[in-house]
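Note: hydrogens, waters and symmetry copies are ignored here, and every other heavy atom, side chains too, is used. Each chain gets a letter, A, B and so on, in the order its sequence line appears, and its residues count up from 1.
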There are 2 protein chains.
Amino acid sequence: MTSHHDITANAADTVQADHTLRGFIGYVMKRCFNSVQADLARELEALDLRMLTFSALIVVVDNAGLRQSELAQALSVERPNLVVIVDELEKRGLIKRTQVPTDRRAYALTPTAAGKELYHTALKVVQDHEAKILAGLTDEQVRTLRDALKSIQKSADG
Amino acid sequence: MTSHHDITANAADTVQADHTLRGFIGYVMKRCFNSVQADLARELEALDLRMLTFSALIVVVDNAGLRQSELAQALSVERPNLVVIVDELEKRGLIKRTQVPTDRRAYALTPTAAGKELYHTALKVVQDHEAKILAGLTDEQVRTLRDALKSIQKSADG
DNA sequence: TATTGTTATACTCTATAACTATA
DNA sequence: TATAGTTATAGAGTATAACAATA
């Protein structure tokens, strides 16, 4: 990354301008996650899914009959924010809202046949994506990474 | 997490409802980063900084005189999105925009005395935050984590 | 022609308050 | 009273197109 204005040369040209920030795991994680998120979004675009709609679909298929509040808790998404996600998946015919007979306030979420089919397709896409981004790492490194992220989350949730 | 509606018991009560997603590092990273980001935001609130404004301030102090386009590149933020960040820091008297004599299109960003002071204060806050979230990990685990995140980002950036 | 900073705009994710209908 | 789902709303991060001034 050479510069065309060397007269006003500054540190940005010689060392990483974000050197101090690179010392923070939080910053490194943000940069990493942004890249992962953008790459995954590109790959899920063909299925018209985003990380969040993909996640919701997976949980509904894996836990047919769960309520919206349970889905929200599982994904750590505020209930209001989940409404549009469920709306979208329902309008696309991937999941259904059905009244819970024992509690008329609640809706049980169940996948449709199309939802289950997309589940398998999308899972393959995301599995391939994972394999790609983890290609440079050993199983042991991935294990350590996963454990470390869990530990950090626990500390941050305090 | 016991349920009050065991009649309609489902998997969400017994195993983690997001079990499949937990198998993906991308999902684990998202959940972890959300927690870290929220916690850091709380701690930076006292200084009226966010992760992004903090990051911009750090880079400007460390690289006095760099241009907005260089700051954008350093932080991997699109140029239009950086304008409001720089505006905010400038209005608060933390940095200054000064014309570059050799290129009248460009602005050089330099920190004020107040900016340099906040730099040190904020750095301490974030360093303490880092220590907190990394408390459960050994230096070796943190090293592996950092290397793994860098490797993943590189793969994702393709 | 290309680049710097900017404006306008849109999409997504996240967060909170308040409503309704039930429990 | 409390809870489930919803509506409305706002803040924040991210992305692209297009413009004026300048190189």
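Contacts of A:Leu82 with the nucleic acid, taken as non-hydrogen atoms under 4.0 Å apart, are absent. When heavy atoms are screened at a 4.0 angstrom cut-off, B:Gln68 is found touching the sugar-phosphate backbone but no base atom.
No side-chain donor-acceptor contact under 3.5 Å links A:Glu43 to the backbone of A:Val126.
The phosphate of C:dT6 has OP1 or OP2 within less than 4.0 Å of a side-chain N or O from B:Arg97. Residue A:Asn34 places at least one side-chain N or O closer than 4.0 Å to OP1 or OP2 of D:dT14. The side chain of B:Arg105 contributes no N or O atom lying less than 4.0 Å from OP1 or OP2 of C:dT3. Close to C:dC13, at under 4.0 Å from its OP1 or OP2, lies a side-chain N or O of A:Arg50. Within the structure, every side-chain polar atom (N or O) of B:Arg79 is placed at least 4.0 Å from both OP1 and OP2 of D:dC19. Checking the phosphate oxygens (OP1, OP2) of C:dT14, a side-chain nitrogen or oxygen of B:Lys30 falls inside 4.0 Å. An OP1 or OP2 oxygen of C:dG5 is reached within less than 4.0 angstrom by a side-chain nitrogen or oxygen of B:Ser69.
Across the interface with DNA chain D, nearest-nucleotide mapping of A:Ala106 and A:Ala38 shows A:Ala106 to be the residue nearer the 5′ end. Place B:Pro80 and B:Leu52 on DNA chain D by their nearest nucleotides, and B:Leu52 ends up nearer the 5' end.
Between the CZ atom of B:Arg104 and the P atom of C:dT6 there is a distance of 16 Å, rounded to whole Å. Protein atom CD of B:Gln37 is 15 Å distant from nucleotide atom P of C:dC13, rounded to whole Å.
Picking from D:dT14, C:dA8, D:dT22 the nucleotide with the shortest atom distance to the side chain of B:Asp103 gives D:dT22.
Applying the 6.0 Å contact sphere to NZ of A:Lys132 captures more than 12 heavy atoms from other residues, nucleotides or ligands.
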- Message: Could you walk me through whether A:Tyr119 and A:Asp62 satisfy the side-chain contact (heavy atoms from CB on, under 4.5 Å) test, starting with their C-alpha distance in whole Å, then the side-chain angles of each, then the deciding distance to 0.1 Å, before giving a yes or no?
- Response: CA-CA 10 Å; A:Tyr119 170 96; A:Asp62 281 344; 2.7 Å; yes
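Among all heavy-atom pairs drawn from A:Ala17 and B:Asn63, the shortest one is O-ND2, 2.9 Å.
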